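Accompanying notes for the structure given below.
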Amino acid sequence: MPGRLLMLAVPFLLTAGLGACASVTLAPGAQDIAGKQFSPPPEGQAALYIYREGIFASAVLLPVSVGQRAIGALAVDTWFLVDVPPGTYDVRCTGGENTDMRTVQLAPGETRYVEAAIRPGFLATRCAVFEVAPETGQKAIRAGKRALEIP
C-alpha cells in the first residue's frame, strides 16, 4: 500500500509547481538588450551565458554558480551573462535532489553557452548543466529575460 501511495504522489509532486511561477529580480531593460547583442567580451575577458528555459517546475528557482562564485538563481526563461578572466570554470546548479556540474574552458575573447535545466527526480526535482551550441543558446536567450546577478 505505501508503494502505491508513492506512485500516486509522484505525478502530483512533479506537476504541483505548474500553477505557480517562481520569479527572480530582472536586470534593467538596457542590460537585457545589451546582452542580446552577443557582443564580444571586454578585452582580456571571456563571456559565459547561463540560461534556463522551459515550463517544467516553474515554481522552482535554480541556483547556479561559476567556480566559487554564486551567480544567483534562474527562473524559467531567464539568463545570466558573466564576464570572467580566461580559464577553466565549473558551472554548477543545485536542484532538489542533486548538484550537477560541467567544466567549461574559456579562452580570451571567447563566448560559451550553458543551459541549466530542471528534470524530474524520484521525489523532488533534479538539475542538469550542459553546454550547448551558440545558435541554441542565443535562441533561448533572445526569448528570455536577463536576471540580476548576486552582487
Side-chain angles (χ1 to χ4, degrees), residues 3 5-27 31-32 34-41 45-107 109-151:
L5 288 175
L6 180 61
M7 288 176 56
L8 294 172
V10 169
F12 171 77
L13 292 172
L14 292 176
T15 58
L18 291 178
C21 293
S23 64
V24 295
T25 302
L26 298 177
Q31 288 182 14
D32 183 72
K36 291 176 179 176
Q37 300 303 309
F38 306 106
S39 301
Q45 296 283 300
L48 184 61
Y49 283 90
I50 306 166
Y51 70 92
R52 176 182 172 197
E53 65 178 351
I55 61 167
F56 182 73
S58 60
V60 177
L61 293 178
L62 184 58
V64 296
S65 63
V66 176
Q68 298 300 313
R69 179 178 159 202
I71 303 302
L74 291 169
V76 170
D77 296 328
T78 60
W79 54 274
F80 293 118
L81 170 57
V82 184
D83 291 324
V84 294
T88 302
Y89 294 90
D90 293 334
V91 180
R92 287 186 172 81
C93 67
T94 304
E97 290 184 347
N98 74 318
T99 296
D100 193 32
M101 183 264 309
R102 288 294 172 268
T103 300
V104 179
Q105 177 70 40
L106 292 158
E110 186 173 33
T111 300
R112 306 287 281 273
Y113 301 84
V114 174
E115 181 177 356
I118 296 278
R119 303 285 188 241
F122 180 66
L123 290 176
T125 58
R126 298 180 59 80
C127 71
V129 177
F130 42 95
E131 191 169 354
V132 299
E135 309 79 51
T136 302
Q138 289 176 6
K139 180 179 177 187
I141 289 158
R142 282 188 190 102
K145 302 259 187 220
R146 187 172 185 171
L148 199 58
E149 293 178 35
I150 295 172

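A quick note: this is a predicted structure, and the numbers were derived from the prediction, not measured.
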- [ ] Begin from the C-alpha positions of V24 and L61 and carry the test side chain to side chain contact (heavy atoms under 4.5 Å, CB included) through to its verdict.
- [x] CA-CA 8 Å; V24 295; L61 293 178; 3.5 Å; yes
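- Closest approach of A117 to L62, counting heavy atoms only: N-CD2, 3.8 Å.
- A heavy-atom distance below 4.5 Å is found between the side chains of F80 and L74.
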- [ ] Decide side chain to side chain contact (heavy atoms under 4.5 Å, CB included) for L148 and L26; before the verdict, give the C-alpha distance in whole Å, the side-chain angles of both, and the deciding distance to 0.1 Å.
- [x] CA-CA 5 Å; L148 199 58; L26 298 177; over 6 Å; no
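- Taking CD1 from I141 and CD from E115, the interatomic distance works out to 10.0 Å, rounded to the nearest 0.5 Å.
- The backbone N or O of T99 lies less than 3.5 Å from no partner atom in the side chain of R92, so there is not a single donor-acceptor pair.
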- [ ] Mind running side chain to side chain contact (heavy atoms under 4.5 Å, CB included) on I118 and R52 for me, showing each step along the way?
- [x] CA-CA 8 Å; I118 296 278; R52 176 182 172 197; 3.6 Å; yes
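- Between the side chain of R102 and the backbone N or O of V91, no donor-acceptor pair lies under 3.5 Å.
- Across all their heavy atoms, A128 and D100 have their closest contact at CA-OD2, 3.2 Å.
- P86 places none of its side-chain heavy atoms less than 4.5 Å from the side chain of E110.
- Checking side-chain atoms of D90 against main-chain N and O of M101 turns up no donor-acceptor pair under 3.5 Å.
- Between T88 and T103 there is a side-chain heavy-atom pair separated by less than 4.5 Å.
- R69 places a side-chain heavy atom less than 4.5 Å from the side chain of E149.
- Residues V114 and V104 are in side-chain contact: their nearest non-hydrogen atoms beyond the backbone lie under 4.5 Å apart.
- Between Y49 and F38, the ring center distance clears the sub-6.0 Å criterion.
- E53 contributes atom CD, which lies 8.0 Å from atom NZ of K139 (distance to the nearest 0.5 angstrom).
- Other residues, nucleotides and ligands contribute over 12 non-hydrogen atoms within 6.0 Å of the NZ atom of K36.
- Scanning both residues, G137 and V132, for their nearest heavy atoms gives N-CG2, 3.7 Å.
- At least one donor-acceptor pair closer than 3.5 Å links the side chain of D32 to the backbone N or O of R146.
- Residues L106 and Y89 are in side-chain contact: their nearest non-hydrogen atoms beyond the backbone lie under 4.5 Å apart.
- Taking 4.0 Å as the cut-off between side-chain N and carboxylate O, R112 and E131 count as a salt-bridged pair.
- Under the 4.5 Å side-chain criterion, counting only non-hydrogen atoms from C-beta, C127 is in contact with N98.
- A side-chain N or O of Q138 and one of Y113 form a donor-acceptor pair less than 3.5 Å apart.
- Annotation: side chain of P41 is in contact with side chain of T111 (closest heavy-atom distance under 4.5 Å).
- A side-chain contact (heavy atoms from CB on, under 4.5 Å) with Y51 is found for one member of T136, V64, T78 and no other, namely T136.
- Nearest heavy atoms, G35 versus W79: CA-CH2, 3.6 Å.
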